[in-house]
> 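Submitted below is the structure of interest, expressed as structure tokens.
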Amino acid sequence: MDDDRVFKALADPTRRKILDELADRDGQTLFEICARLSSKHRLGSSRQAVSQHLEVLAAAGLVHSRRDGRHKFHHLDTGPLEHLTDRWRHRDTEEI
Amino acid sequence: MRITITSVLVHDQAVAERFYTEVLGFVKKHDVPMGGGARWLTVVSPDHPDGTELLLEPDAHPAAKPWKEALAGDGIPYTQFAVDDVRAEFARLSGLGVRFTQEPADMGAFTTAVFDDSCGNLIQIIQTH
């Protein structure tokens, strides 16, 4: 897994809010994500901006999109986060 | 000036008539033949028979389908109806086989959900707290 992409994706507060909302309920349309950002977090990002954030999250493997009939849903994938800090944490435990 | 009528573009007026009356619970107000098989078909809320009418309008114009597809793809509702209890409507409509693209979600001052009207549109229901 490309750690750089994951750290870059997580560096942006709006993208972290998108992950928060997908953790709250997985499988959302672009409309629902935009509605949650604007009404719950007062983030007035344009639909196009949110769409671009989702592309960055997808490139990092943190979000997968799925087509179901005529609709497209976005899902959270926490897999890329699992071993992100092992290289520092393992060093600590070895030194102790 | 008053808003007396608004519309949704439906792919089949007979399917729309059934869905908007039998499933959603609106009542038919006008049904006038318009030629070419099209009808001037409107429904109203049973609680407000003299209120705003919803016109179930054929989506025959070539621009209608790509527009509707693009909205549906991103989950964007075409219009919005007010309800007293979004969660109760979600349970009732789900039981009738209606498909939701957004389950009830609390958005602060209101709760919303979004369902597929089986006529090519997404509809948002909203409850204000």
Side-chain angles (χ1 to χ4, degrees), chain A residues 9-10 12-78 81, chain B residues 8-12 15-16 19 59 63-83 86-87 89-91 93-94 97-129:
Chain A
L10 294 173
D12 183 274
T14 301
R15 289 199 283 271
R16 294 198 298 273
K17 288 287 180 220
I18 291 172
L19 296 180
D20 287 342
E21 292 305 321
L22 288 176
D24 183 53
R25 195 174 77 74
D26 197 28
Q28 295 184 34
T29 62
L30 177 59
F31 171 78
E32 181 173 358
I33 294 168
C34 291
R36 284 169 174 252
L37 290 178
S38 64
S39 60
K40 291 175 74 176
H41 302 289
R42 303 278 169 233
L43 289 170
S45 308
S46 70
R47 198 179 309 281
Q48 193 179 17
V50 175
S51 195
Q52 283 166 356
H53 282 313
L54 285 169
E55 282 172 24
V56 175
L57 291 166
L62 292 163
V63 167
H64 296 297
S65 62
R66 171 180 63 87
R67 271 213 164 266
D68 184 356
R70 305 168 59 232
H71 313 300
K72 188 177 177 186
F73 296 92
H74 302 277
H75 292 266
L76 176 65
D77 185 347
T78 57
L81 302 177
Chain B
V8 286
L9 293 164
V10 301
H11 76 282
D12 182 319
V15 171
F19 183 84
D59 65 1
K65 281 188 174 62
W67 161 242
K68 289 173 72 176
E69 279 301 315
L71 291 186
D74 283 339
I76 302 168
Y78 190 88
T79 190
Q80 173 180 281
F81 303 143
V83 297
V86 164
R87 285 186 168 77
E89 283 292 344
F90 171 72
L93 294 174
S94 297
V98 175
R99 178 159 179 243
F100 278 76
T101 62
Q102 182 203 304
E103 292 180 12
D106 291 320
M107 301 281 187
F110 44 88
T111 301
T112 64
V114 179
F115 64 80
D116 189 322
D117 77 347
S118 78
C119 303
N121 307 294
L122 293 174
I123 304 290
Q124 176 163 270
I125 48 175
I126 184 166
Q127 168 190 359
T128 308
H129 301 298

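Computed over heavy atoms, backbone and side chain alike; hydrogens, waters and symmetry mates excluded. Lettering of chains follows the sequences in order, A, B, ..., and the numbering in each one begins at 1.
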> Which atoms of B:Asp116 are under 4.5 Å from chain A, going by heavy atoms: the side chain, the backbone, both sets, or neither?
side chain
> Donor-acceptor pairs under 3.5 angstrom involving side-chain atoms of residues 68-82 of chain B: please list them, not counting sequence neighbours.
| unit_1 | atom_1 | unit_2 | atom_2 | d |
| --- | --- | --- | --- | --- |
| B:Lys68 | NZ | B:Leu9 | O | 2.6 |
| B:Lys68 | NZ | B:Asp59 | OD2 | 2.8 |
| B:Lys68 | NZ | B:Cys119 | O | 2.9 |
| B:Glu69 | OE2 | A:Arg70 | NE | 2.9 |
| B:Glu69 | OE2 | A:Arg70 | NH2 | 3.3 |
| B:Gln80 | OE1 | B:Gln124 | NE2 | 2.7 |

> How about A:Arg66: does its CZ atom have over 12 heavy atoms from other parts shown lying under 6.0 Å from it?
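Atom CZ in A:Arg66 is packed in, count exceeds 12.
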> Side chains of B:Val114 and A:His71, heavy atoms from C-beta outward: is any pair under 4.5 Å?
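No. Closest side-chain heavy atoms not under 4.5 Å.
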> Surrounding NZ of A:Lys40 (heavy atoms of other residues, nucleotides or ligands, distance under 6.0 Å), is the total greater than 12?
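Above 12, so yes.
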> Which of residues 14-28 of chain A get closer than 4.5 angstrom to chain B, counting heavy atoms alone?
A:Arg25
